[in-house]
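This report refers to the structure that appears directly beneath it.
Quantities reported herein were computed from a predicted structural model and do not represent experimental measurements.
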Amino acid sequence: MTGLAVVLVTLALATLVGVIVRRRNGVPRDVGGDVERLTTGDLGAPLGERATLVQFSSAFCQPCRATRRILSEVTAMVPGVAHLEIDAESRLDLVRSLNIMRTPTVLILDASGRVVKRASGQPRKADVIGALGLAVGG
């Protein structure tokens, strides 16, 4: 009987953890601690006039492809916003300095390059638009 109780508690706990992880996946969150500022030199491409969406991807990442499509659609909708995709494997220095733990990871930068929001996992289009509103000051 004790074994069955342990199995049921473990199953319930695993289910709860799974639900929490799934709800957090891709949701833009505030950046804690010192706010990082990225420059054109750091990224290897110019920043957007109003904001920049920086996507860290890897070659065999299926959610990265969907994220690329979502971010491209958002940049087409909002003038002055750039989308930069960075191959995480070829930019390990930047990945380590920004503490990127998985792909896709999206950083939302304001016009000066300050990281305003950060999302790990595939974001929803509405969440990106909402976070972008904060970055452009509107």
Side-chain angles (χ1 to χ4, degrees):
M1 192 64 169
T2 303
L4 180 61
V6 169
V7 168
L8 290 176
V9 168
T10 303
L11 218 101
L13 188 58
T15 302
L16 178 64
V17 169
V19 167
I20 290 170
V21 167
R22 179 171 253 179
R23 294 195 86 197
R24 292 184 56 152
N25 187 40
V27 176
R29 303 206 177 283
D30 290 328
V31 179
D34 292 332
V35 177
E36 188 75 34
R37 190 175 302 273
L38 299 173
T39 65
T40 298
D42 296 327
L43 300 173
L47 296 172
E49 196 177 298
R50 297 177 65 199
T52 307
L53 303 172
V54 180
Q55 174 185 348
F56 287 88
S57 300
S58 53
F60 299 104
C61 168
Q62 185 62 35
C64 294
R65 293 181 190 125
T67 300
R68 179 184 313 118
R69 182 182 46 79
I70 290 167
L71 298 182
S72 294
E73 289 172 5
V74 170
T75 56
M77 290 172 34
V78 184
V81 175
H83 170 220
L84 304 176
E85 187 170 3
I86 297 174
D87 178 30
E89 295 173 40
S90 66
R91 293 295 312 271
L92 289 176
D93 57 331
L94 190 58
V95 166
R96 287 184 185 120
S97 71
L98 294 171
N99 199 26
I100 305 294
M101 303 301 262
R102 63 186 276 203
T103 57
T105 293
V106 177
L107 304 177
I108 295 106
L109 311 180
D110 65 10
S112 68
R114 185 175 60 93
V115 180
V116 176
K117 294 274 187 178
R118 173 187 187 119
S120 293
Q122 181 182 335
R124 292 181 326 129
K125 190 178 198 178
D127 290 336
V128 173
I129 292 169
L132 199 53
L134 179 66
V136 298

Notebook entry, point to check: Does Ile129 have any side-chain contact (heavy atoms from CB on, under 4.5 Å) partners at least two apart in sequence or in another chain, and if so, which?
Noted result: Val74, Met77, Lys125
Note to self: Please evaluate residues Ile108 and Val115 with respect to the criterion side-chain contact (heavy atoms from CB on, under 4.5 Å), reporting the C-alpha separation (whole Å), side-chain torsions for both, the decisive distance (0.1 Å), and the verdict.
What the structure shows: CA-CA 6 Å; Ile108 295 106; Val115 180; over 6 Å; no
Next item on the list: Give, for atom CD1 of Ile100 and atom CG of Leu92, the distance between the pair rounded to the nearest 0.5 Å.
Entry: 11.5 Å
Margin query: Walk me through whether Arg68 and His83 qualify under side-chain contact (heavy atoms from CB on, under 4.5 Å).
Written below: CA-CA 9 Å; Arg68 179 184 313 118; His83 170 220; 4.1 Å; yes
Next item on the list: Specify the closest pair of heavy atoms between Ala51 and Leu132, including all atoms of both residues, with the distance to one decimal.
Entry: CB-CD1, 3.6 Å
Note to self: Could you tell me if the side chain of Ser120 sits less than 4.5 Å from the side chain of Met101, heavy atoms only?
What the structure shows: no
Note to self: Quick check: closest heavy atoms across Leu47 and Ala111, and the distance to 0.1 Å?
What the structure shows: CD1-O, 4.0 Å
Notebook entry, point to check: Closest heavy-atom contact between Gly121 and Arg102?
Noted result: CA-NH2, 3.5 Å
Margin query: Ignoring hydrogens, what is the shortest heavy-atom contact between Gln122 and Pro104? Give both atom names and the distance.
Written below: N-CG, 3.9 Å
Next item on the list: Would you check if there is a donor-acceptor pair between the side chains of Arg118 and Thr105 at a distance under 3.5 Å?
Entry: no
Checklist line | Glu49 atom CD: more than 12 heavy-atom contacts under 6.0 Å | finding: no
Next item on the list: Any pair with a residue in residues 49-118 that passes disulfide (SG to SG under 2.5 Å), sequence neighbours left out, goes on the list, sorted by first then second residue, please.
Entry: Cys61-Cys64
Next item on the list: State, to 0.1 Å, how close Val95 and Ala88 come at their nearest heavy-atom pair, and which atoms those are.
Entry: CG2-O, 3.6 Å
Check: Just how far is it from atom CZ of Arg96 to atom CZ of Arg91, taken to the nearest 0.5 Å?
Finding: 12.5 Å
Checklist line | CD-CD1 distance between Gln55 and Ile70, expressed to the nearest 0.5 angstrom | finding: 9.5 Å
Check: Looking at CG of Leu38 and CG of Leu43, how far apart are the two atoms once the value is rounded to the nearest 0.5 Å?
Finding: 5.0 Å
Note to self: What I want to check is whether the side chains of Ser57 and Glu85 have a donor and an acceptor closer together than 3.5 Å.
What the structure shows: yes
Check: Atom OG1 in Thr39, atom CG in Leu109: separation rounded to 0.5 Å?
Finding: 10.5 Å
Checklist line | Closest contact, heavy atoms only, Ser58 versus Thr103 | finding: OG-OG1, 2.9 Å
Notebook entry, point to check: Hey, does Phe56 have a side-chain heavy atom less than 4.5 Å from the side chain of Val106?
Noted result: no
Check: Does the side-chain contact (heavy atoms from CB on, under 4.5 Å) test come out yes or no for Thr52 and Leu84, once each step is laid out?
Finding: CA-CA 7 Å; Thr52 307; Leu84 304 176; 3.8 Å; yes
